[in-house]
Amino acid sequence: MRRAYFKNNWIAAALVAPQLLIIFVFFYWPTAQALYWAFTLEQPWGGGNQWVGLENFQAIVEDEYYWNSVMVSIIFAFFSTLLSMGMALVLAIAADRQLNGYKFYRVGLIWPYAVAAPAVGLAFRFIFNPSAGLLSHLNQIWPGIWDPIMNGDHALAMVIFAGAWKQVAYNFIFFLAGLQAIPRSLTEASAMDGAGVLRRVRDIQLPLLAPTAFFLLVINITDSFTDSFGIVDTMTAGGPARATDLMVFKIYEDGFRGLDYSGAAAQSIILMLLVMVLTFFQFRYIERRVHYT
Amino acid sequence: MADINIRRVEKSYGDTRVVHGVDLDIRDGEFVVILGPSGCGKSTLLRMIAGLEAISGGEIAIGGRVVNDLEPRQRGCAMVFQNYALYPHMSVAENIGYALKIAGIGKAERRARVQSVATAIGLEDYLDRRPGQLSGGQRQRVAMGRAMIREPKVFLFDEPLSNLDAKLRVQMRLEIRHLHQRLAATSVFVTHDQIEAMTLADRMVVMNQGNIEQVGAPSDVYDRPASTFVASFIGSPPMNLLPGRMTESGQHVELADGQHVPIPTALAQGRAGRPVTLGIRPEDIRHGPAAGGSGLTAKFDFLEELGMGRLFHGTLGGQDIIMHATDKTPPVFGTAVDIAFDPSRLHLFDVETGKRLAGESGRADKEQWSGYRATA
Amino acid sequence: MADINIRRVEKSYGDTRVVHGVDLDIRDGEFVVILGPSGCGKSTLLRMIAGLEAISGGEIAIGGRVVNDLEPRQRGCAMVFQNYALYPHMSVAENIGYALKIAGIGKAERRARVQSVATAIGLEDYLDRRPGQLSGGQRQRVAMGRAMIREPKVFLFDEPLSNLDAKLRVQMRLEIRHLHQRLAATSVFVTHDQIEAMTLADRMVVMNQGNIEQVGAPSDVYDRPASTFVASFIGSPPMNLLPGRMTESGQHVELADGQHVPIPTALAQGRAGRPVTLGIRPEDIRHGPAAGGSGLTAKFDFLEELGMGRLFHGTLGGQDIIMHATDKTPPVFGTAVDIAFDPSRLHLFDVETGKRLAGESGRADKEQWSGYRATA
Amino acid sequence: MIERARGLNIATQIILGAGLLTLLVPLYLTFVAATQTLPEVNRVPPTFLPGTHLFDNLAEAWVRSNFGQKFVNTMILATGVVVGKITVAAITAFGIVFFQHRFRMLIFWLIFITLMLPLEVRIVPTYSVAANALSPFQQILDVVGLTWLLEALTGMRVALEWNLLNSYTGLILPLVATATGTFLYRQFFMTIPDELVEAAQMDGAGPLRFLWEVLIPLSRTNIAALATIMFVYSWNQYLWPLLIITDPNYGVVAVELGQLVPDSNTTGGGIPHWNLAMAGTLIVMVPPVLVVIFMQRWFVRGLINTDK
Amino acid sequence: DPIKFEYWYGLSGHLGEVVQQTCERFNQSQSEFEIVCVGQDGYAQAVQNSIAAFRAGKHPTIVQAYDAGTADLMMSGEFYPVQQMMADFNIAIDWDNYFPGISNYYASSKGELFSMPFNSSTAVMYYNIADLKKAGVDTPPATWEEFGADLEKLKASGKECPFAYAPSSWVDLEQFSMAHNVPIATNNNGYDGLDAELVFNTTVHVQHMENLKRWRDDGLLQIRTSQGGLNARDSFAQGECSFYFGSIASHATVHSVATSDLTWDVAMLPIYEGYERHNTVVGGASLWVLSKKTEAEYRGAAAYLGFLATPESERFWSSNTGYIPVTKTGFKNLKDSGFYDNAPYKGREVAIESLTYTEPGPLTRGIRLGGFIQIRKEWTGEIEAAFAGKKTIQEALDAAAERGNAAITKFARLYKGKSLP
Ligand SMILES: Nc1ncnc2c1ncn2[C@@H]1O[C@H](COP(=O)(O)OP(=O)(O)OP(=O)(O)O)[C@@H](O)[C@H]1O
Ligand SMILES: Nc1ncnc2c1ncn2[C@@H]1O[C@H](COP(=O)(O)OP(=O)(O)OP(=O)(O)O)[C@@H](O)[C@H]1O
Ligand SMILES: O=P(O)(O)OC[C@H](O)CO
Ligand SMILES: [Mg+2]
Ligand SMILES: [Mg+2]
């Protein structure tokens, strides 16, 4: 716990004021408005609204496609996080061994981070194109084995892969930083204790990376729930047959595109609650296990 | 069978050589302390023994087997690190038992051995704690326990006490000694603290800039430092070193201010009229007219009270000196006062090389001194 | 005009009180060292003087002015921190001159003053370096320079030497002393190292668990500790404390194994037959049959070579004891050997309160002892 | 450390190679597509070897999308966000970490929660706010009756208006408001030793001086990391500019990129010029990739103390 | 300075560029006004963004709104009926000159035109002449039965992809139902009241969708969407597939992207045997003038719309895009000048023919359903599910109808107490 503080709280107020003002205007005010809409029927052109209580929520929870969207989001979150964190972790551990070419790999693995999501989406549309892309060869051998256009599972897999790809570099950076922060003497101590490289990874590095992994888990999961719009929009537009209808995409689609502001507002509220609960849960139950001091 | 033989071992990082062809033989069961200032290559040497650092040249053998190319785990050494390097995510029991776990030793046996080690280091009540929940001394003991449990042939310590406060340091020192008495494993202990080195070592190795300056029993090194470097590195406060010149008669050294210090004649051989460095330890100086008569005088400025004696700070022959006095003579400051020392406690060094003058071998040296003492 | 008056000062964190109504007067220009074990409240007290910690009760006045509600910068104190707290991104010159810069002092004057301070602390050649490029001792000096440059009325030091190695510690100690002699600013120095305290202090304040145990000149505290706590805290190795019982005659203390230790009669007053704690410092014990005749015996197990003397570890009256011997008597281990000590060097403490027995005031105590010494 | 693990070393190299390949293949294909003509791009089966039209495509994409101006706009956007965010985040984190007031945790959570509701889902109300950033205050005035009161007293109607549509401010401000930077700083500030604060206090420094002369210089690597993240983030902004910018003079690159592949659900979209789109992608990628490569050393270092 | 006003349009790509040109032509034609035309990259976006902007008070004066948004706009009431506006600014327009099928679509029940007909289209069948010939077919199919048979023949002739298909409510449901004179919803497709109910799950539409699905299962039809790279139109234009259904608006685009050796033409949608062909309905978009603008801006808007209605503008628009002329004289002029006789314009008259095949009846007048954007989405989603084999066509259409009805109900509730103008 910090013990040295400055006393002048007026200055503190002045310092936090800009950010609070901006988030009040651009975040809380609009969110409050959305919250209000969730309990009304809001005319798209702003002509007026009627208070309907929990009806919008009721409609949502009774809609099987809403639950489909929740499921899809959870699957997406789980697998894209697993995939990107898993891959980043393996690569970071490999890179951390600092064999020949380490610097080259480090740069090579970091810079995809800079590529914009729309560009990722476009590139992946290309690659996963069943008739023209890399996988079209597969289709020539086993026709129909890869069909993200009509096969929902394939489409979801494709979106997951692209979503994961986008995150690998970011996760890699954090894992590498985390690994390099592990004191060298611990590695040496375990080497003296008789542990080989792999054993060390398992017994020392992985456990000590847990705080980093936790941090990334929160970021990745939150991100996969809230920041997946771009990829879905460019790759599948939620289809086919709602197989990639992630919650945030559905909100945008129903609200902004379908002009159902109220229903979308209700969905936003649920999404926000869900993300908060997830974050809270992660903080409460996972963080406790991963911090050592 | 765990003697360690170090032959012309060198270490270079890129172009800079930090260990220059070191030779050292450590006998089975011996407790050797490597002492030297920061950056002199102590840790590097130790880590080469451990296998944590590749050897750039020469050869290290443990128990007669050359280990240059062996991995750390194949060398049968255990090491205690300066910052302990405990695994923060494991409990004390897991930390201690980790090596056994890797060796594939069953749970029951592991528990039993961890238990017995924990008892030995007095941590039986802390087995379930994480290192973060322990005090410095307790962590240090865990680090020790972790090394002990493997019953290694060789114990390596890299300044394991330097993070502890003074009180704990004294206590841990004793524990390490007891440990060594019990296990009788060959031990190499690195430190830059000379008290630690003196109290722990069977034999001390004093290093300087990648070279060994002196090897010997602690009292030998203290009483007959092989060079001005060793003389000033060992002893706190350090030995007073005064530039002077051997008189033509060879019976005295003349200091910068013209005072004459009587020296044992044996030392003068062939050096009459030549410049020398005269060494005398603070505790070997005392107040009062010299027993021999022709008294020396020094001027003191202030004293530091140690409780157990006092340190007088002043000048002699234009040079700062310190006298450690245990008597309660009322101090006189600012004017010349008589001081005295037993000539048998004097040290002479070559001005240029810094090497100790007189008989080359320690043995000869000793005899010479005791001979002198007897006749004095 | 910078005496410091501390009146019934208390500090609580929530419900736990960590400083219990401390009273202390520090004279202008005095060098006071606060000594005590970790967690006893030294830093807290110091930080309340500095204004870094709010005062929960009582009053602190500096130069006669109550400062309870003043901000740190208004109190005219400078502080040297344990880890130096140098600004890592500023050069040495910038670190030292930062306070002046804040005070709005012009560049030219600032440079001149930084220069003169740097010369005083011997860092003229390092002004452009960053703290990261300095050795521990140099950093410590920068921290000192930073405090000096403001020419503060009061200097506060919070264990400024504890991160240095032994050698540097000795050297920095001297520098702090010199500094104090030159500037004559009131200084409060916190440490848990008793050597530091002894050598530096005009007056020592020994604290324990938020209370002051003893205040006095270092030699007073060393020679006449007010309690077993002070006795065992000051001195390294610490005073040997042996449980015993005053004989009916009041001339001896009988130890657990039945041996009798002669004591000065003055101490026995009204305590005949009652249990007491007998204290004797390691350096006050020596080999050999007591001068008086009726010898004591102890059994020794091993010794530690210090160069300047040796520590014998053993037991007396069933209790571990340590003897610091400077003679070169060949050690005998495992069997009873004669030891002796001057009764005038004995200390007696109440078993229950731990307080020193005999005259309540230090002065009376002193006279009594010297009286005894004269007749012995 | 002496380690004899040849097999493992080879495996490590293979893993790294494969990982690099996986990450780079999409980028490579982007490059390949950017070097081909339209028919070559659309050929089945595709060729994975670069063609010869890279520079034609780059030039064409550059001209067609008027990237010159878009680059300037995006640079202004990115710079604005980077500078704004670094500033706002730093002072906010400072206010939270180094002062002890009752609302610290409340403010912390107020900011933290903003991470959880993305722009996409509150886009319509946010848009209204962007059209008049003072509208919340106006509405508050209206609701509490102040507007009415003032009108009654002075005869003047309070009409607060600050339109952010089609402006750099509108592009920048909402992006500045998010929480990421504040967190990074908070984490870093928590590692600053108390003594440093106290030393500054003893030296007579007030909070602002401490912030400016001690904290900010010490946060340089963190600033570098945050700047990199924010630059990439704002350079790649898509949805928000798409929404609030209707004047092409304020257009940004990512939106322009999207326009190279028209919405094919509306008639007339024309054939997607994948070759140009990919050439555009390459062009658009250059600045953030350069920034990341240039900053990666500090980037990694700046993150080390933040994740614990 | 000229009076500036904004116009947001949804057309993109080549067609979007032509829209820009109309703006430039207008700006050059006079100096009083300056129209600022902003492409919104898609019909849907144009409407959404306008709504968002409207709510914020920053909307454009004119917006191009597609057919599906018509009911939403009408019910909002937030527009300036163009017929009224042109009258207010004394710009004479011969409203009777407009094709009735077109003007009806955008008019109130009393016949007042709310928005300006602009880019009008209808769905047609694009076919590859050479491929058909190779398969032994000389005339394009007029019935779906023939169409099915032709697919078989094409396949037999070695064509991998006889039919490029992407589910499109506009073609498969809306234009199809009009051509067959079957209802999409009760209340005459919503014209008679907001409380309409979808019935497309009970008409020949079901059979048609089942056929499509069967063709796909038989490998006669390939799904081609932009998500898969080449969309249906481009698959056709590249010669990969022999048939494709889409808007006549693409006529110009197909010309511009077709491979040089592609021989192709368009024809009216096939009809199932036993059904009588009716007129198809107008698609594309019209221009709406939104409320809450200044008089000056309205004056500018009126001038622009007037400018678009001139024969030269109409000619410019129709010749540079595939959209049909919206006035009878406009069509006549073009036709008389031989415009439709030669490539690249030859064939576009098929659209007019389809639109005017019969007089618009109660079921072929158009669709006036609230929340129709949502309904299209539901339909697409369900059809995709059926194509993916998750349900039968009937189940899919039932679900689409049910969900669509919910949207209609919600819309009715949203505007409780109001009725269609
Ligand atoms: N990885 C390295 N690369 C280059 N030089 C190194 C490296 N490790 C150590 N050195 C240098 O080798 C010399 C010896 O280092 P070593 O750690 O052995 O010193 P030491 O005697 O243990 O000192 P200390 O008491 O400070 O631990 C030093 O000068 C150091 O700077
Ligand atoms: N912020 C705080 N909240 C609660 N307790 C505190 C706080 N700061 C210090 N303490 C407690 O107050 C007591 C005195 O602390 P202080 O730092 O003054 O000890 P110290 O004598 O300086 O010890 P050390 O030698 O370890 O520095 C300790 O028990 C400590 O745990
Ligand atoms: O492609 P268009 O412009 O003919 O329009 C088709 C439909 O009407 C859009 O809803
Ligand atoms: Mg070392
Ligand atoms: Mg302290």
Side-chain angles (χ1 to χ4, degrees), chain C residues 43-44 46-54 70-91 94-105 110 130-132 139 142-150 152-160 162-163, chain D residues 86-87 90-91 93-95 97-102 104-105 184-185 187-227 295 297-306 308:
Chain C
S43 298
T44 306
L46 192 77
R47 293 160 49 77
M48 286 193 286
I49 300 175
L52 294 172
E53 208 77 73
L70 296 188
E71 286 190 29
R73 51 179 156 171
Q74 299 165 318
R75 300 192 183 192
C77 305
M79 183 151 166
V80 180
F81 293 86
Q82 172 165 8
N83 55 9
Y84 320 139
L86 300 181
Y87 309 118
H89 58 296
M90 297 186 194
S91 68
E94 286 166 338
N95 262 287
I96 296 178
Y98 188 56
L100 299 187
K101 186 170 166 197
I102 289 178
I105 287 171
R110 220 156 72 212
R130 290 271 169 82
R139 282 183 216 185
V142 177
M144 211 104 91
R146 188 169 65 174
M148 280 163 61
I149 200 164
R150 296 170 46 206
K153 296 179 297 180
V154 175
F155 262 114
L156 305 174
F157 300 86
D158 193 356
E159 312 205 14
S162 64
N163 284 346
Chain D
I86 283 173
T87 314
I91 61 176
F94 180 61
V97 174
F98 287 97
F99 292 84
Q100 197 173 29
H101 43 89
R102 241 174 312 159
R104 296 173 61 208
M105 282 326 275
L184 201 63
Y185 274 110
Q187 302 295 79
F188 171 67
F189 285 172
M190 308 254 270
T191 67
I192 296 284
D194 282 322
E195 282 80 5
L196 213 56
V197 184
E198 294 174 339
Q201 285 175 340
M202 296 299 292
D203 273 347
L208 296 182
R209 264 200 113 106
F210 178 72
L211 172 66
W212 182 245
E213 292 179 353
V214 179
L215 269 189
I216 299 294
L218 280 180
S219 328
R220 261 181 301 210
T221 49
N222 297 78
I223 290 177
L226 181 58
M295 301 284 268
R297 171 177 314 225
W298 294 282
F299 193 31
V300 174
R301 215 186 297 151
L303 293 173
I304 285 182
N305 4 348
T306 62
K308 306 273 160 76

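Chain A is the first sequence line, chain B the second, and so forth, proteins listed ahead of strands; every chain is numbered from 1. Fair warning: this is a prediction, and the values are worked out from it, not measured in the lab. Worth knowing before you read on, the calculation uses all heavy atoms, side chains too, and leaves out hydrogens, waters and symmetry mates.
In this structure C:E94 satisfies the salt bridge (charged side-chain N to carboxylate O under 4.0 Å, His left out) test with no other residue, sequence neighbours excluded. Evaluation of the side-chain hydrogen bond (donor to acceptor under 3.5 Å, both in side chains) rule for C:R73 yields C:E71 as partners, not counting sequence neighbours.
In this structure, D:M202 and C:C77 approach most closely via the heavy-atom pair CE-O, 3.4 Å. Taking both residues in full, the closest heavy atoms of D:A199 and C:A85 are given as CB-O, 3.8 Å, listed atom of the first, atom of the second, then distance. Taking every heavy atom of both residues into account, D:R209 and C:Y98 meet most closely at O-OH, 3.8 Å. The two atoms that bring D:G204 and C:I102 nearest to each other are O-CG2, 3.3 Å, heavy atoms only.
Only the backbone of C:A78 comes within contact range of chain D, with heavy atoms under 4.5 Å apart.
Listed options C:Q74, C:H89, C:R75 were ranked by heavy-atom pairs under 4.5 angstrom with chain D; first place goes to C:H89.
No side-chain heavy atom of C:K101 sits less than 4.5 Å from a side-chain heavy atom of D:D203.
Just one of C:L86, C:N83, C:D158 meets the side-chain contact (heavy atoms from CB on, under 4.5 Å) condition when paired with D:E195; it is C:N83.
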